[in-house]
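Worksheet: the structure to be examined is printed underneath.
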There are 2 protein chains.
Amino acid sequence: MNTLSYGLLSLLTKHSRTGYELMQHIQPFWQAKHSQIYPLLAQLEQNGYVEFVHVPQSDKPDKKVYSITKKGKEATSLWIAEPTDEPVVRDELALKVYCISLVDKEHAWRLLAERKEYYLKKKNRLHLLFDKIKEESGKPLEKLEIHDSQFGPYVLVQKAMMKVDADLSWCEWMKKKLS
Amino acid sequence: MNTLSYGLLSLLTKHSRTGYELMQHIQPFWQAKHSQIYPLLAQLEQNGYVEFVHVPQSDKPDKKVYSITKKGKEATSLWIAEPTDEPVVRDELALKVYCISLVDKEHAWRLLAERKEYYLKKKNRLHLLFDKIKEESGKPLEKLEIHDSQFGPYVLVQKAMMKVDADLSWCEWMKKKLS
DNA sequence: AGTTTATATGTCAATAATGACATATTGAAG
DNA sequence: CTTCAATATGTCATTATTGACATATAAACT
């Protein structure tokens, strides 16, 4: 079983979701398209790690709501104890910035402005996520402890917000360098 | 041509390198194995974007030193103006932390300690890179401007250092949360 | 004396991931 | 009135990436 499959199980330990929702909610940690997720869910179901119920909808297309099984939960716990892969980062902008001396200031500015826009959107999404976690949590977020269900999502949003703030600081620093 | 191929060209705009060196130096921005890079270099060479000279060595294996051609440099400039892909991040640790409430404090601690170790090593590598850039640069790094060859590498190391510091801050914050 | 690590290049099968195609409904925007 | 975006699930050909295999030398470690 690959890492993304375990990731799907990880999300399902919180609550049941559709493949579509899983695809959306896993994006902050692992970018994947629906075309990769649907086959993996079918595979997880065949191996008894998850199960689903058909839910017909009148206004929207019918959906399949997936839940983790006991076997799935056990596999997830075992996975956490296994060695963890190092993070993979692939950023085309970095490759471009490496040879940025090839182009003029205006090109560089546009490149930077586009990326800043991306980081701002990301920060906004994280704030929305933060609010959602706050709502779903029974207590104030600062009081969450490891055995609280929302602890993981909470600390991950914190991590992402710290990183995006670092990225935005770099953008500001660069703006000065380019002016 | 794919993004990694342009990345290789980007590195070669600074100075000639072997495939082995390219593989090492591209890691901070784009993780790739030699088994992916060597075939791409052969392809770049066939299409006239790069050229190489055989360099026999007595103490170490012979090597091929690649240089970018005029055609390669032009292609690289055009690539910078094209739309930039969004960064891809895939971190197994994040997927594990999401469901960290499944395991006990000791497991979580070990997970965090391993990651902190990784970040510290990364920070160390970045400092070495920083020193190397300082040596290769003719002027003080703060004075570097966009048309200086070392400007790109310099601002990228800054970005990476800011991010790794954010990651380490998160590790410290987590330590308190878990104690 | 044997193993691992670094240097150095390469191939190839298997796996991971993307992009395009396919289908159906609703609501919003132009 | 038409096109676009969101919801919802799926397949499949192509591309990207990995891991294993292959080879060779020197230095360091056990």
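Chain naming here is simple, since letters A, B, ... match the order of the sequence lines and numbering starts at 1 in each.
Taking only side-chain nitrogens and oxygens, A/Arg90 never comes nearer than 4.0 Å to OP1 or OP2 of D/dA16. Between C/dA8 and B/Gln57, a contact under 4.0 Å exists linking OP1 or OP2 to a side-chain N or O. In this structure, A/Lys64 reaches the D/dG10 phosphate: one of its side-chain N or O atoms is under 4.0 Å from OP1 or OP2. Contact between the side-chain N/O atoms of A/Tyr38 and the OP1/OP2 oxygens of D/dT9 is found at a separation under 4.0 Å. Distances shorter than 4.0 Å separate some side-chain N or O of B/Tyr20 from OP1 or OP2 on C/dT7. Between B/Gln31 and D/dT17 there is no side-chain polar atom (N or O) within less than 4.0 angstrom of OP1 or OP2. Dashed line: the shortest gap from a side-chain N or O of A/Lys33 to OP1 or OP2 of C/dG19 is under 4.0 Å.
Annotation: A/Lys143, atom NZ; neighbour count of heavy atoms from other residues, nucleotides and ligands within 6.0 Å does not exceed 12. By the 6.0 Å contact criterion, NZ on A/Lys71 is enclosed, its count of non-hydrogen atoms from other residues, nucleotides or ligands being greater than 12.
Rounded to whole Å, atom C1' of D/dG10 lies 15 Å from atom CD of A/Gln43. Rounded to whole Å, the distance from CD on B/Glu86 to P on C/dT18 is 12 Å. Atoms NZ (A/Lys63) and P (C/dT25) sit 18 Å apart, rounded to a whole Å. If you take CD of B/Gln36 and C1' of D/dA16, they are 6 Å apart, rounded to a whole angstrom. Between B/Lys60 atom NZ and D/dA27 atom C1' the separation is 11 Å, expressed in whole Å. Protein atom CE of A/Met1 is 11 Å distant from nucleotide atom P of C/dA16, rounded to whole Å.
Relative to the side chain of B/Trp30, the nucleotides C/dA17, D/dT17, D/dT7 differ in distance, and D/dT17 lies closest. In the set D/dT18, D/dA20, D/dT17, the nucleotide with an atom closest to the side chain of B/His34 is D/dA20. Out of D/dA20, C/dT9, D/dA8, the shortest distance to the side chain of A/Pro61 is found at D/dA8.
Between B/Tyr154 and A/Trp173, the ring planes lie perpendicular to each other; the angle is over 60°, past the 30° to 60° tilted range.
For the pair A/Ser58 and B/Val65, both in contact range of DNA chain C, the more 5′-proximal nearest nucleotide belongs to B/Val65. Taking for each of A/Asp62 and A/Ala42 the nucleotide of DNA chain D with the nearest heavy atom, the 5'-most of the two is the partner of A/Asp62.
Salt bridge absent: B/Asp167 and B/Arg115 never bring a charged side-chain N and a carboxylate O closer than 4.0 Å. Taking the charged nitrogens against the carboxylate oxygens, B/Glu21 and B/Lys63 have no contact shorter than 4.0 Å, which rules out a salt bridge.
Residue contacts shown for B/Ala32 are limited to sugar-phosphate atoms, with no base heavy atom under 4.0 Å away. B/Glu21 comes within 4.0 angstrom of no nucleic acid atom, judged by non-hydrogen atoms across all strands.
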